[in-house]
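Contents: one structure, followed by commentary.
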Amino acid sequence: MNHSQDRAPIVEALERFKRMRVVPFDVPGHKRGRGNRELTDFLGEKCLSVDVNSMKPLDNLCHPVSVIHEGEVLAAHAFGAAHAFFMVGGTTSSVQSMVLSVCGRGDKIIMPRNVHRSAINALVLSGAVPVYVNPGTSRRLGIPLGMAVADVERAIREHPEAKAVLINNPTYYGVCSDLRAICDLAHAHGMKVLVDEAHGTHFYFGEGLPPSGMAVGADMAAVSMHKSGGSLTQSSFLLIGPSMNEGHVRQIINLTQTTSGSYLLMSSLDLSRRNLALHGKEIFRRVCEMSQYAREEINKIGGYYAFGEECVDGDAFFAFDTTKLSIHTRDIGLAGIEVYDLLRDDYDIQIEFGDIGNILAYVSVGDREKDLERLIAALAEIRRLHAGSPVGMLDHEYIDPQVELPPQEAFYADKVSLPIEESAGYICSEFVMCYPPGIPILAPGERITREILDYIAYAKDKGCFMTGTQDINIEHINVIKGA
């Protein structure tokens, strides 16, 4: 097989198919856009003409043997993996496939508690039992960090039967654990290493960035190509190392992934992989330069703190992703979510997220210097117009959970709905989180405390978008009956 990275096999097959002028008596029913003119006018005829069904000339995502398989092999070479899977259910699907591939009901998995909800959802699906490692925390920034190696070692020693260790690389804020040391430690104890790289696509292609999961010998990695890699929303890669059985992992993926794989999503993965393989070093050098410039200019404003590599401590903050523009806002008397809302409502600037004390402006392949100048100017004006005192503001993003039951057991247990302000002391049966970033404040099986309720009330008051509960208004919460 030709492993030249300038090829895009899925795109090439779609172009050949378009030239054939095939008459469609298959799905999708819009028949290349003719059946829904409004949709064609909105998305464009080129888009609708390649929104097609699986067929012999175009292969099949569930069991690829030709062009999709070729695309997967090229992606594996580009990422340094034994195999790569095209994923059309987002990195949520990739993370869940990793956990389901190595953990069955009752199996233990070691993971940081500040994981994305998709990882804990995987525990609800599989019945696996989490061994949470509380992340380090930054007193200065109030944010959860990575896992300290000593804490992971303690968890491994106390739970030697655990099947795997899951690691964020990096966190939403750009913080990295000592990936290589944790990977070597887990392997020395016969455990698989799963890496959530939803925010780390560029680690595989840039220079001077923290190491990637595949580079340190991880067994599996979930890579969110649509975030920093430039593909369409919901498209992702699942990477595996030589220790994993490709056929088994594909069976696991096919338990939950659609049988109608979107060729729009797959072709975007194909083209984005080609772009990064050919031009990634140059692209991410420029992204790093833009982020560093913005950091320096924002820190000149005063009050804000755009943090970077100076925070690295060699342990829970082992390394920093310099593409991330994470900005601490609490010192100007504004919660991150308040700055987030002001930027959108008053300046037409949409950043990635704001939480209690920080904002994240996602800088990537499609950004321009003039847009960063506009962000910097807006932040300066927000400080001038809206700054206040930080007295009385919450100063932390993470509360150590009290885990009482495995997530699956708690999620499916008999439950009752209580007003959330009356739920302290009960065991939660659902999730509560701010989205983004989608890291649960409460997960099924955790004890609800007054501190957590005060945090939820504060986050709601500041304007965080809360999600996870059956009650869309987050005024009631499901708790385990009699517990």
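Of the possible donor and acceptor atoms, one in the side chain of R383 sits under 3.5 Å from a partner among the backbone N and O of G302. Although no hydrogens or angles enter the test, the distance criterion places no donor-acceptor pair under 3.5 Å between the side chain of D151 and the main chain of V133. No donor-acceptor distance shorter than 3.5 angstrom exists from the side chain of N168 to the backbone of P170, with no hydrogens or angles considered. Judged purely by atom type and a 3.5 angstrom limit, S177 uses its side chain to pair as donor or acceptor with the backbone of M147. In terms of modelled atom types and a separation under 3.5 Å, the side chain of S94 and the main chain of A222 share no donor-acceptor contact. Not a single donor-acceptor pair under 3.5 Å links the side chain of S93 to the backbone N or O of G90. Under a 3.5 Å cut-off, the side chain of S267 and the backbone N or O of L264 do form a donor-acceptor pair. Not a single donor-acceptor pair under 3.5 Å links the side chain of R274 to the backbone N or O of Q5. In this structure, S212 contributes its side chain and F203 its backbone to no donor-acceptor pair below 3.5 Å. Distance alone, capped at 3.5 Å, is enough to place a donor-acceptor pair between the N114 side chain and the L145 backbone.
R374 forms no cation-pi arrangement with Y347, by the criterion of a distance under 6.0 Å to the ring centre and an angle within 45° of the ring axis.
For P210 against A319, the heavy-atom pair with the smallest separation is CG-CB, 4.0 Å. Taking each heavy atom of A316 and G136 in turn, the nearest pair found is CB-CA, 4.0 Å. The shortest heavy-atom contact between G146 and V175 is N-CG1, 3.7 Å. In terms of heavy-atom proximity, I376 sits nearest to A294 at CD1-CA, 4.1 Å. Taking every heavy atom of both residues into account, L239 and A84 meet most closely at CD2-CB, 3.6 Å.
Once rounded to the nearest 0.5 Å, the distance linking CG of N53 with OG of S262 reads 11.5 Å. The structure places CE of M266 at 5.0 Å from CG of L61, a figure rounded to the nearest 0.5 Å. To the nearest 0.5 Å, atoms NZ (K415) and CD (E430) are separated by 7.5 Å. Interatomic distance, S49 OG to L43 CG, rounded to the nearest 0.5 Å: 11.5 Å. The OG atom of S97 lies 7.5 Å from the CD1 atom of I252; values are rounded to the nearest 0.5 Å.
Side-chain rings of F237 and F85 stay apart, their centers remaining 6.0 Å or farther from each other.
Taking Y304 as the reference, nothing meets the side-chain hydrogen bond (donor to acceptor under 3.5 Å, both in side chains) condition, with sequence neighbours excluded. Under the side-chain hydrogen bond (donor to acceptor under 3.5 Å, both in side chains) criterion, N275 pairs with no residue at all, not counting sequence neighbours. Contacts of R344 classified as side-chain hydrogen bond (donor to acceptor under 3.5 Å, both in side chains), with partners at least two apart in sequence or in another chain: D341. For F205, the ring pair (Phe, Tyr, Trp, His ring centres under 6.0 Å) partners at least two apart in sequence or on another chain are F79. Not counting sequence neighbours, the partners of E296 by the side-chain hydrogen bond (donor to acceptor under 3.5 Å, both in side chains) test are Q292. By the ring pair (Phe, Tyr, Trp, His ring centres under 6.0 Å) test, H116 is found to be paired with no residue, residues two or more places apart in sequence or in another chain being considered.
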Donor-acceptor pairs are to be reported for all side-chain atoms of residues 355-366 against protein atoms at under 3.5 Å, with residues two or more places apart or in another chain.
residue : atom : partner : partner atom : Å
D355    : OD1  : G357    : N            : 3.2
D355    : OD1  : N358    : N            : 2.8
D355    : OD2  : Y173    : OH           : 2.3
N358    : OD1  : H328    : ND1          : 3.1
Y362    : OH   : H199    : ND1          : 3.3
S364    : OG   : S228    : O            : 3.1

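Annotation: side-chain hydrogen bond (donor to acceptor under 3.5 Å, both in side chains) contacts involving residues 27-43, sequence neighbours excluded, comprise H30-D51. Within the structure, the salt bridge (Lys or Arg N to Asp or Glu O under 4.0 Å) test picks out the following pairs touching residues 310-324 (sequence neighbours left out): D321-K324. Listed by first and then second residue, the ring pair (Phe, Tyr, Trp, His ring centres under 6.0 Å) pairs involving residues 363-394 amount to none (not counting sequence neighbours). The salt bridge (Lys or Arg N to Asp or Glu O under 4.0 Å) contacts involving residues 433-443 comprise nothing, where partners must be two or more places apart or lie in separate chains. Sequence neighbours left out, not one pair with a member in residues 389-400 passes salt bridge (Lys or Arg N to Asp or Glu O under 4.0 Å).
Here E373 does not pair with K370 in a salt bridge; the nearest charged N to carboxylate O distance is not below 4.0 Å. Contact check on E207 versus R285 returns no salt bridge, with no Lys/Arg side-chain nitrogen under 4.0 Å from an Asp/Glu carboxylate oxygen. A salt bridge links K300 with E297: the closest approach of a Lys/Arg side-chain nitrogen to an acidic carboxylate oxygen falls below 4.0 angstrom. Between R286 and E369, at least one side-chain nitrogen of the basic residue sits less than 4.0 Å from a carboxylate oxygen of the acidic one, meeting the salt-bridge criterion.
L442 places a side-chain heavy atom less than 4.5 Å from the side chain of I477. Between F307 and C311, the closest side-chain pair of non-hydrogen atoms falls below 4.5 Å. Looking only at side-chain heavy atoms (C-beta outward), S235 and V88 stay at 4.5 Å or farther from each other. In this structure, R295 and L325 have side chains that are in contact, with non-hydrogen atoms separated by less than 4.5 Å. For the pair L343/L375, a side-chain contact is recorded, criterion being any heavy-atom separation below 4.5 Å from C-beta on. Side chains of V165 and I109 form no contact here, defined as non-hydrogen atoms less than 4.5 Å apart. Considering only heavy atoms from C-beta on, M433 comes within 4.5 Å of T467 through its side chain. With contacts defined as side-chain heavy-atom distances shorter than 4.5 Å, the pair L125/Q96 qualifies.
Within 6.0 Å of CG in D345 there are more than 12 heavy atoms belonging to other residues, nucleotides or ligands. In the displayed structure, I472 atom CD1 is contacted under 6.0 Å by at most 12 heavy atoms of other residues, nucleotides or ligands.
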| Test salt bridge (charged side-chain N to carboxylate O under 4.0 Å, His left out) applied to E72 and R273, step by step | CA-CA 10 Å; E72 290 182 343; R273 180 271 312 155; over 6 Å; no
| said: Test side chain to side chain donor-acceptor pair (under 3.5 Å) on E352 and Y340; report intermediate values, then the result. | reply: CA-CA 8 Å; E352 176 66 13; Y340 170 99; over 6 Å; no
| message | What verdict does the side chain to side chain donor-acceptor pair (under 3.5 Å) test give for T323 and H202, after you've listed the backbone C-alpha separation in whole Å, the side-chain angles of each residue and the deciding distance to 0.1 Å? | response | CA-CA 9 Å; T323 71; H202 43 293; 3.2 Å; yes
| query | Do T91 and S236 pass the side chain to side chain donor-acceptor pair (under 3.5 Å) test, and can you show the C-alpha distance, the side-chain angles, and the key distance before you say yes or no? | reply | CA-CA 5 Å; T91 306; S236 174; 3.1 Å; yes
| query | Where do V287 and D367 land on the side-chain contact (heavy atoms from CB on, under 4.5 Å) test, with the steps shown first? | reply | CA-CA 8 Å; V287 171; D367 283 299; over 6 Å; no
